[in-house]
Number of protein chains: 2
Amino acid sequence: MRSSQLREKLSASGLKITPQRMAVLEAVHRLKDHPSTEKIIAHVQKAHPNIAVGTIYKILETFTDKGLLSKVKTEQERMRYDVVTQRHHHLYCAETDRIEDYMDEELSAMLEEYFRHKAIPGFEVKDLRVEIKGHFLKEQPH
Amino acid sequence: MRSSQLREKLSASGLKITPQRMAVLEAVHRLKDHPSTEKIIAHVQKAHPNIAVGTIYKILETFTDKGLLSKVKTEQERMRYDVVTQRHHHLYCAETDRIEDYMDEELSAMLEEYFRHKAIPGFEVKDLRVEIKGHFLKEQPH
DNA sequence: GTACCTGCAAAAGATTTGCATCTTT
DNA sequence: AAAGATGCAAATCTTTTGCAGGTAC
């Protein structure tokens, strides 16, 4: 994603464009696999050692508030982040800490359809996401 | 759930029956809505002020290892726990911190069926769970 | 009796906060 | 110029750890 696009994202959210925010935004876009706060801090500070840890925490909170990022929940560990894009599901590996996005329009559509017909008493459904747990296969059979 | 049943649960998992473990097990069974560690500690210590916080952490970890409890992931907060029973899904309220179990055999079956036919390349599916986000309705229409 | 548990208190981490200073708009 | 951000360091909070003593089996 180009730098100008990142700038736009910030402006569109009503945030001032600062080098610190640009650095964090670039980091979360570059780091795949749902980086932890720790990874984000390391990545940002590699290029900008002068950016304070406290600032990065504040920026991540701001981004989450503004909907630029979402927090991903993990069972064992600390917070991890996800760039907000379209609806997707998550693959969780039971053995490693890997989390991967899983796009599946058909699955999303099936679930939406399901809940269009089946109401949950006393609850209004806004978003649906499947947690798929299992493990990544070491090698593809051939 | 009766005390004798809780004892059995411990024995069946190869754990020694101690008053501390009984207290924690009772607490997580009594506290609905996926209690946080904090809530569990408060509940346990109300009746047994002498049980150490460190011990409760250790017990929760042991229970999770043995499969008596599972950790529930939340976006905003700390760890929360869930008594392991049958497969179920979770309703997350966007406004409050409420998490509720949602049993739906039909939904579970539909997902299983779906993934029996649709393989995810390089990933073996072990468990499926739907995160349903939205909000609880204040009042039932009548 | 032995293996396993617990209590305690210290340590380790992660995240938050307050405030003076600096930047973006 | 004003509003909003940042840097720094201290404070807070949660969770983990080590170990001596205790308890269930």
Side-chain angles (χ1 to χ4, degrees), chain A residues 3-4 6-27 34-45 47-66 68-69 71-81 97, chain B residues 3-4 6-27 34-45 47-66 68-69 71-81 97:
Chain A
S3 163
S4 60
L6 297 180
R7 272 165 211 285
E8 252 175 59
K9 272 197 165 196
L10 289 178
S11 299
S13 302
L15 297 174
K16 292 184 176 168
I17 296 164
T18 67
Q20 293 86 344
R21 284 179 178 163
M22 287 298 290
V24 172
L25 200 50
E26 269 173 38
H34 310 79
S36 58
T37 313
E38 197 188 351
K39 284 235 175 79
I40 295 169
I41 291 171
H43 190 272
V44 167
Q45 293 197 329
H48 313 269
N50 44 319
I51 297 182
V53 169
T55 300
I56 298 177
Y57 273 102
K58 282 173 193 160
I59 289 174
L60 288 172
E61 198 193 340
T62 304
F63 285 0
T64 304
D65 287 349
K66 294 293 182 181
L68 294 178
L69 297 179
K71 294 180 174 178
V72 176
K73 306 158 286 176
T74 82
E75 283 170 12
Q76 304 301 334
E77 311 147 72
R78 307 278 154 185
M79 207 49 76
R80 296 193 29 198
Y81 292 89
D97 64 349
Chain B
S3 163
S4 58
L6 297 180
R7 273 165 210 285
E8 251 174 60
K9 273 198 164 195
L10 288 178
S11 299
S13 303
L15 297 173
K16 290 185 177 167
I17 296 164
T18 67
Q20 293 85 345
R21 285 180 177 162
M22 287 298 290
V24 172
L25 200 50
E26 269 173 39
H34 309 79
S36 58
T37 313
E38 196 188 350
K39 284 233 177 80
I40 294 169
I41 291 171
H43 190 271
V44 168
Q45 292 196 332
H48 313 269
N50 45 319
I51 297 182
V53 169
T55 299
I56 298 177
Y57 273 102
K58 282 172 193 160
I59 290 174
L60 289 172
E61 197 192 342
T62 305
F63 285 0
T64 305
D65 287 349
K66 295 291 181 181
L68 294 178
L69 296 179
K71 295 180 173 178
V72 176
K73 305 159 289 175
T74 82
E75 282 168 15
Q76 305 300 335
E77 313 148 72
R78 308 279 154 186
M79 206 48 75
R80 294 188 36 194
Y81 292 87
D97 64 349

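Residue numbers start from 1 in every chain, and the chains themselves are labelled A, B, ... in the order their sequence lines are given, proteins ahead of strands.
A:N50 places its CG atom 8 Å from the P atom of D:dC8, with the value rounded to the nearest Å. Rounded to a whole Å, the CD1 atom of B:I59 is 15 Å from the P atom of D:dT15. In this structure, the OH atom of A:Y57 is 15 Å from the P atom of D:dG7, given to the nearest Å. Atom CZ of A:F63 is separated from atom C1' of D:dT6 by 13 Å (rounded to the nearest Å). Atom pair A:I56:CD1 and C:dA14:C1' shows a separation of 14 Å (rounding to whole Å applied). Counting to the nearest Å, the C1' atom of C:dT21 and the CD atom of A:Q20 are 13 Å from each other. Across the protein-nucleic acid pair, B:M22 atom CE and C:dC5 atom C1' stand 16 Å apart, rounded to whole Å. A:Q45 has its CD atom 14 Å from the P atom of D:dT6, to the nearest Å.
Taking 4.5 Å as the limit, some side-chain heavy atom of A:I59 sits within range of a side-chain heavy atom of A:T55. Side-chain atoms of B:I40 and B:Y57, non-hydrogen and from C-beta on, never get closer than 4.5 Å to each other.
In the helix from C:dG1-D:dC25 to C:dT25-D:dA1, the rotation axis of the first five pairs and that of the last five pairs differ in direction by 50°, rounded to 10 degrees.
With values rounded to the nearest 0.5 angstrom, B:I56 atom CD1 is found 7.5 Å from B:L60 atom CG. In this structure, NZ on A:K71 lies 8.5 Å from OG1 on A:T37, to the nearest 0.5 angstrom. Atom CZ in B:R7 sits 8.5 Å away from atom CG in B:L10 (nearest 0.5 Å).
The minimum heavy-atom distance linking B:K9 with B:S13 is given by the pair O-OG, 3.0 Å.
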Original post:
When you check every protein heavy atom under 4.0 Å of nucleotides 19-25 of chain D, what one-letter string (B, S, -) results, 5' to 3'?
Top reply: B----BS
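Ranking C:dT15, D:dT16, C:dC8 by closeness to the A:T37 side chain, first place goes to C:dT15.
In terms of position on DNA chain C, the residue among B:I51 and A:T55 whose nearest nucleotide sits closer to the 5' end is B:I51. Along DNA chain D, the nucleotide nearest to B:E38 and the one nearest to A:R21 differ in position, and the one closer to the 5' end is contacted by A:R21.
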Under 3.5 Å donor-acceptor pairs involving side-chain atoms of residues 14-27 of chain A, not counting sequence neighbours:
residue: A:T18; atom: OG1; partner: A:R21; partner atom: N; Å: 3.1
residue: A:R21; atom: NH1; partner: A:K16; partner atom: O; Å: 3.1

